Amino acid sequence: MARRSVPILRHLLTKPTTPTLAPANPTRSVTYMPRPGDGTPRAVTLIPGDGIGPLVTNAVEQVMDAMHAPVYFETFEVHGDMPKVPDEVFESIKKNKVCLKGGLATPMGGGVSSLNLQLRRELDLYASLVNCVNLPGLVTKHENVDIVVIRENTEGEYSGLEHEVVPGVVESLKVITKFCSERIAKYAFEYAYLNNRKKVTAVHKANIMKLGDGLFLESCREVATKYPGIDYKEIIVDNCCMQLVSKPEQFDVMVTPNLYGNLVANTAAGIAGGTGVMPGGNVGADHAIFEQGASAGNVGNQKILDKKKANPVALLLSSAMMLRHLQFPSFADRLETAVARVILEGKCRTKDLGGQSTTQEVVDGVIAALE
C-alpha cells in the first residue's frame, strides 16, 4: 500500500458512523468557464460518400440531433469516380475548418486519382490518427490494447509519382523529406505528451531503404531528444506486424511513414475489434477531416447496403473526436459513453460484431443510451 494512502484509510476507519447533514448550499468548484460565444453551433462540412457512407453519416446526423450537439452540417455530394473534388467542397472545408466524411470508393487502376488523397494534399492534412483500443464487452483475442497509430499522410509511396518507363516496366517514386518527417514526429510526440502517453515507437524499413527511411528515423530521433519524459523505440515494419499480432499491448503511440501506417493501423484495428469500431481523423495545421479510422473496405459492399446493416460505431466515435476537436468535450464524452454502453450491453450489434442488428437499430440504441 502506498504510504500516502494510510492517513486516508485511518480517517475512513475512525470517522463517526452517524450520518452528517450536507451543507444547505454546497459550493461547487468551477472546472470550465466558457467565453461568450463558445456555445455557438459550428458549421461542419459533410461528405456522405459512396456505398454505405450515406447510411453511416445519416446515423451521425441522427445522434447529433438527439443530443442537441452544437454543430450543423453543410452536405456535399462527392463520389469516388469523379475526376476531382469540386471546388465548392474545398471552399466549404476551408471556411468551416472541419469535415466529417463517409468512405469514398477509389477505382482500381485506370489512372483515376484517389479523391481521398486529393483532399489530404490540397488541405495539407499531414497527420492521420487512428485510435485502436479494446471496447468493454467486445471479445477479442488480445486484451489491454490501446494503440494510437500516427502516420505521415502526404508523401512516401502515396506521392503518386509513377510512370511507365517502357511498355511493361513501371517506375514508382517513394518521396521522403526532412520537413515532413520532422513534422509528423513532432505531432506524434506532442500527442503523446498532451495525452499522458508513455512511449512512441517509430516504424521503419531503414535496414533496406537506408536513405529514405533512414531520413525518417533520423528526424524521429532528433525530435525524441526534446521529450525526455517519453520513451522512444524503433522497430522494423515486418517485425512490427509480427509483434502486433502476438503482443500488441507493448505498443502505445506509433509513428510511421505513409504506407506502413496504413498497414499497421489496419492490423491494429483488426486486433482491437475490427475496422468497424475504430475512429480516426486526418489533421493539418488549419483543417481536419474525421472519418472511419481504418480502411473502409466495406464501403462498396452491396449486400451490407441492401440490408442496411452497416456498422456506424466507427464514424460515431470519429464524430466524438470531431466534437473534442471543436472544443465541445462534454458532448464528446457523452457520445462515447453512450456508444460504449451499447457495445457493453451487446443487444444492438451489427454482423461484424457478432450480432444481426441494422444500422438504425444501433442508432436507436445509442440514442436511448444518451437519455
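We count residues from 1, following the sequence as given. Please read all numbers here as calculations on a predicted model, not as lab measurements.
For E61, the salt bridge (Lys or Arg N to Asp or Glu O under 4.0 Å) test picks out no residue, with sequence neighbours left out. Scanning for side chain to side chain contact (heavy atoms under 4.5 Å, CB included) contacts around S246 gives M242, Q243, with sequence neighbours left out. For the salt bridge (Lys or Arg N to Asp or Glu O under 4.0 Å) test, no residue two or more places apart in sequence or in another chain qualifies with R341. Looking at residues two or more places apart in sequence or on another chain, you find a salt bridge (Lys or Arg N to Asp or Glu O under 4.0 Å) between D252 and R197. Listed by chain and residue number, D87 satisfy the salt bridge (Lys or Arg N to Asp or Glu O under 4.0 Å) test with K84 (two or more places apart in sequence, or in another chain). Not counting sequence neighbours, the partners of V89 by the side chain to side chain contact (heavy atoms under 4.5 Å, CB included) test are I47, F76, V78, V85, P86, I93. Residues that satisfy the ring-ring contact (aromatic ring centres under 6.0 Å, His included) test with Y227, not counting sequence neighbours, are F189.
Screening residues 359-369 for salt bridge (Lys or Arg N to Asp or Glu O under 4.0 Å) gives no qualifying pairs among residues at least two apart or on separate chains. For residues 69-80, the set of pairs meeting the salt bridge (Lys or Arg N to Asp or Glu O under 4.0 Å) definition, not counting sequence neighbours, comprises E74-K95.
L55 shares a hydrophobic cluster with no other residue; no ILVMFWY side chain has heavy atoms under 4.5 Å from its own. Clustering of Ile, Leu, Val, Met, Phe, Trp and Tyr side chains at separations under 4.5 Å leaves I236 isolated, with no partner residue.
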Below 3.5 Å, can you tabulate the donor-acceptor pairs from side chains in residues 279-290 to any protein atom, sequence neighbours excluded?
residue, atom, partner, partner atom, Å
N282, OD1, N153, ND2, 2.8
N282, ND2, E291, OE2, 2.6

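Looking at L217 and R221, their side chains come closer than 4.5 Å, going by heavy atoms from C-beta outward.
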